[in-house]
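Taking it in order: structure first as structure tokens, then the write-up.
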Amino acid sequence: MITFHLTAHSNLPPYLQIVEQVRQALLAGVLRPGDRLPTVKEVVGSLAINPNTVLKAYRDLEREGLVEGRQGVGTFVTRRPDGPSPSDQAALRRALATWVAKAQRAGLADGDIESMVRSVLVSTADEGVA
Amino acid sequence: MTSPDRAAGAIVADGLGKRYGAKWALRDCSFAIPQGRVCGLVGANGAGKTTLLRMLSGLSRPTTGRAEVAGQTPRDAVEYLGEIGYLAQDVPLYRRWSVTDHLRMGAHLNPRWEDTAGRERLRALRIPLEQKVGTLSGGQRAQVALALALAKQPHVLMLDEPVAALDPLARRGFLSTLSEAVADGELTVILSSHLVADLERVCDHVIVLSDAQTLLADDLDDVLATHRLLTGPRRDTAAIERDHTVLRIEKTHRQVSMWVQLHGPLHDPNWHVEELGLEEIMLAYLGLGSAAPVEPELSEAAR
């Protein structure tokens, strides 16, 4: 069994912090297929958060196929997460490194680059929603 | 008695208003909070929060409009008061009575009384049930008051600044208990607080009052998804002001910052877009009444 933590300083909303902590625990092998996640009431009681936040996180994980809710029993781990293949990840990283080098040549500092990336992430997310 | 509005929400206000003499404490307040939500009620002191909660709890009659809570019109009657829980600001307990005395009285007055869970919780919190309530700490008294309100098994729970006087640990404990109760069933909660960080954790719905007006009433996720801070070089903001709601605008000689409620996608890619937390969104709304601070040209030139 794992416990969750929330920090106000994270860039992620609370439900995504929970999703991320489950993924990390799965990748690290702390959680394995067959393990039960804490119940909604347990999480809510320890973190003092809205039950829907936990439900939303578990639904997200379920949609990804990482966990499975069983009526009246609990939520169980089904498999490890699979990200992009290592070669895809390497290719994306190379492309980003090329872009970062270009941005630095143009005179952007690290902080400028970070804030530009964040701004683009936010506005593409908004377009997806609207 | 069921009314057609019931499907619309567990707590519904329709043009609700309250006037004391010539002064409106709350005006034309309308919203619908769906069942099972935890609604945070925010606003400056005197904005109308307590007035709204008193009307919803049946303690005060509206001057205009109507409310419906758990399918009933709030009123000072047993059939209504038995369905709701209400904690006023000053934690109304009898200081010379023990916790057990309170539980006994609750069981005597309420037909659906169920205090086993509350007793167990209070024991787990090491609150001495035989001790006089007046000798307990503020955090313990708040937990006792919450346990009593929950033992009524209310459909709707209304809390007026329940954690204002508590230290951070006691506050967290109180909100844990509250959240657990919500996780248990179909309870709908409305609570007022100035502590927006707490509300952002425990609430999934929010109502903002300012100067007797309702500025916002919506699910928290929608509020967070539609409010953004736009910054950029100073230029024409007419297009943004036409398509979206600008809550607050700050202009210097060269830069514009706008706190905006978006009503659709933002087409102009030249704005730097940032997400806003609930606290920043609240401040943008609560500053609405005051004049927008526009930096004078002089100070810019003086730099």
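Lettering follows sequence order; numbering is per chain, from 1.
- Taking OG from B:Ser176 and CD1 from A:Ile49, the interatomic distance works out to 9.5 Å, rounded to the nearest 0.5 Å.
- Atom CZ of B:Arg228 sits about 10.5 Å away from atom OG of A:Ser119, to the nearest 0.5 Å.
- More than 12 heavy atoms of other residues, nucleotides or ligands sit less than 6.0 Å from atom CZ of B:Arg112.
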Q: Could you please spell out the steps behind the side-chain contact (heavy atoms from CB on, under 4.5 Å) verdict for B:Arg201 and A:Leu6?
A: CA-CA 10 Å; B:Arg201 284 179 91 102; A:Leu6 294 183; 4.0 Å; yes
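- Contact annotation for A:Leu47: both backbone and side-chain heavy atoms come within less than 4.5 Å of a heavy atom of chain B.
- No donor-acceptor pair closer than 3.5 Å links the side chain of B:Ser179 to the backbone N or O of A:Asn50.
- With a 4.5 angstrom heavy-atom cutoff, B:Leu262 touches chain A only via side-chain atoms.
- Within 6.0 Å of the CZ atom in A:Arg79, the count of heavy atoms belonging to other residues, nucleotides or ligands exceeds 12.
- Considering only heavy-atom pairs separated by less than 4.5 Å from chain A, the leading option among B:Gly36, B:Gly277, B:Cys203 is B:Cys203.
- For chain A, the nearby part of B:Asp221 is the side chain; its heavy atoms alone come within less than 4.5 Å.
- The structure places CD of B:Glu275 at 9.5 Å from CG of A:Leu121, a figure rounded to the nearest 0.5 Å.
- Side-chain contact between A:Ser115 and B:His272 is present, with at least one heavy-atom pair separated by less than 4.5 Å.
- Under the 4.5 Å side-chain criterion, counting only non-hydrogen atoms from C-beta, B:Glu274 is not in contact with A:Val122.
- Ranked by heavy-atom pairs under 4.5 Å with chain B, the first of A:Pro51, A:Pro13, A:Pro14 is A:Pro51.
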